[in-house]
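Written out below as structure tokens is the structure these notes cover.
Note that ligands are numbered from 1 as they come in the structure, with each ligand's atoms numbered from 1 the same way. We number each residue from 1, following the sequence as shown.
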Amino acid sequence: MVFIAAVLVAAGVLFFTLFIRDKDIPEAPPPSPTAHLEERRAQIYENLRDLQFEYRTGKLSDADYQITKTGLQRELAHVLAQIDGIRQAQPAQPQAAVAAPAGSNGAKSVAARACPHCGAQFVQSLRFCGECGKPMIA
Ligand SMILES: [Zn+2]
């Protein structure tokens, strides 16, 4: 009898706990429109670092490393472009209008494709280096 009561109480507590959890802890909405993208960006950088580590420790072949790295960098460029797009769509960004002085545009975009820290070259200009993760602007 006592045992059955204990089981019932335990079941009740378990049900109550799960019920509360499900109902009272909904997924919080992102605090900023780019938050989920920045999270993804950080994740890609982490993956790139892991990839580099595995490559250096000899777990990956050259071909596998290049394929995975290119894929991650492509995804990174996509995420960065999305972040830029969202930020430029927001009106409270005075720098966006002042950016891009005439004349230096071509040289700037070329320079932005080579990392000033590790010298890695990229097909598209990035804000952060896909190799070492440092800012592409020195
Ligand atoms: Zn770099």
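- For the atom pair CG (Leu80) and CE (Met136), the distance works out to 10.5 Å, reported to the nearest 0.5 Å.
- Side-chain contact between Gln124 and Gln73: absent, with no pair of heavy atoms (C-beta onward) separated by less than 4.5 Å.
- Protein N, O or S atom count below 2.8 Å of the Zn ion (ligand 1): the structure gives 4.
- Between Gln121 and Ala114, the closest heavy-atom pair is NE2-CB, 3.6 Å.
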Chi angles and distances behind the salt bridge (charged side-chain N to carboxylate O under 4.0 Å, His left out) call for Glu38, Arg127: CA-CA 13 Å; Glu38 278 159 21; Arg127 192 166 289 181; over 6 Å; no
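- Paired with Gln43 under the rule side chain to side chain contact (heavy atoms under 4.5 Å, CB included), one option of Arg41, Glu46, Glu39, Arg40 passes, and it is Arg40.
- With a 4.5 Å cut-off on side-chain heavy atoms, Glu54 and Tyr65 do not count as touching.
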